[in-house]
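In this text, all values refer to a predicted model and were calculated from it rather than measured experimentally. As the structure lists them, so they are numbered: ligands from 1, and atoms in each ligand from 1.
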Amino acid sequence: MTAAAADTPASGRGGRNRAEAVIDLDAISANVARLRDHTGGRDLMAVVKADGYGHGLVESARAARAGGASWLGVALLDEALQLRRAGDSGPVLSWLAVPGEAYTEAIRADVEVSAYSDWQLAEIVAGARQVSTRARVQLKVDSGLGRGGALPADWQRLVDQAATAQGGGLVEVTGVWSHLARSDEPGHPSIAAQTAAFEAAVAYAQSARLEPRHVHLANSGGVLASPSTWFTMVRPGIAIYGVSPFADGASPVELSAAMTLRATVALVKRAPAGLGISYGHTYTTERETTLALVPLGYGDGVPRHASGRGPVVVRGKRFEVAGRVCMDQFVLDVGDAIAVAGDEAVLFGRADRGEPTAHDWAVAADTIGYEIVTRVGARVPRAYVGEVAR
Ligand SMILES: *Cc1c(COP(=O)(O)O)cnc(C)c1O
């Protein structure tokens, strides 16, 4: 038991600070600025949907604007309206709607909306008529993602309908856009194929005398690695939070991780050899050792799939989750390392500080870094740091 820790709590944080996600807003601003430089100063639409990928919708938006994002992109109209309520008055595009969507609110709030189909465009026109205000619309073509948007076979009809509506004064088509299926695989032939299909769709819109000012295709993977996809504007999400979209976790542009997920070790105890750890006893201590209890679990978004694998740093040493991740907690076997209750445990943060990254957790859980940061739960308080936060 020589090097082993006593179970005496470290002073300071105590139980008041079980865990937190520290969000460095300056990192978001810096990432946006670097991505803009990388794309030759093109317009940049920072994607802040899903609570800013877990980093906070309004805070991320403010940081992105400070870094030079002229646009914000969100999936839901509710998210756009939340930005407006928080005082953001700049250009915002929202792109996922259902029949009966509250377009009147969007139009009144000066939120640009997307149209994928003729019935959707008809709803937008009806909304514009109701509030006697011209709706600004961006048409989305499915250039090969096979998800939202109008397929090429339906594109001409949508464009023609939009041109008619624009002639009637109820809508203004400000943009044409699409989304990539495999931008995380630079050089994949689907990128060139989608780019060509997109160019054809834009050309048709122009021939129908729409004059879309904003022509955009690239999400993070395209922004980082496929310049042919940049057009007039780029639309990065994950990269602005400092997480790579690529399978190897690398990035050709320096990115700073914005989120650090940390917890306060709740309990440390010396344990005998042969002790089964956590539900199902999928891990058993091999010899007398020290266990540290970390008070975060899948109820906080720590993936249960990372059981036995997720990396955690305590006092500068890296350990892996021992046994199963539970709803509220998991265990580390720190061997004979020093640890006391109250120590800081960092699940992920900055590689340049020797911390594991969201990408490391993605590998451990067989998922992507997007899911790791976005699923950090509402139970985990966010602490904002950086100049932008002040
Ligand atoms: C989420 C999303 C983005 C951002 O994608 P990243 O891969 O995070 O950069 C861009 N465009 C659309 C339509 C999206 O849904």
Subject >> Short N-O contact, R182 and E185, less than 4.0 angstrom >> reply: yes

Original post:
Hey, which residues fall under 4.0 Å of ligand 1 on heavy atoms?
Top reply: V47, K49, Y53, W95, R147, W177, H179, N219, S220, R235, P236, G237, I238, Y370

**OP:** For the residue pair W177 and W95, categorise the inter-ring angle as parallel (less than 30°), tilted (30 to 60°) or perpendicular (more than 60°).
**Re:** tilted

Expected list for residues 51-58: side-chain donor-acceptor pairs under 3.5 angstrom, two or more places apart:
{"residue": "D51", "atom": "OD1", "partner": "L57", "partner atom": "N", "Å": "2.9"}
{"residue": "H55", "atom": "ND1", "partner": "G52", "partner atom": "O", "Å": "3.0"}
{"residue": "H55", "atom": "ND1", "partner": "Y53", "partner atom": "O", "Å": "3.0"}

**OP:** Only pairs at least two apart or in different chains count here, so list each side-chain hydrogen bond (donor to acceptor under 3.5 Å, both in side chains) that has a residue in residues 294-306.
**Re:** R18-D300, D300-R379

Subject >> side-chain hydrogen bond (donor to acceptor under 3.5 Å, both in side chains): pairs with one or both residues in residues 238-257, sequence neighbours excluded >> reply: R34-S256

Subject >> Aromatic plane relationship, W71 with H214 - under 30° parallel, 30 to 60° tilted, over 60° perpendicular >> reply: perpendicular

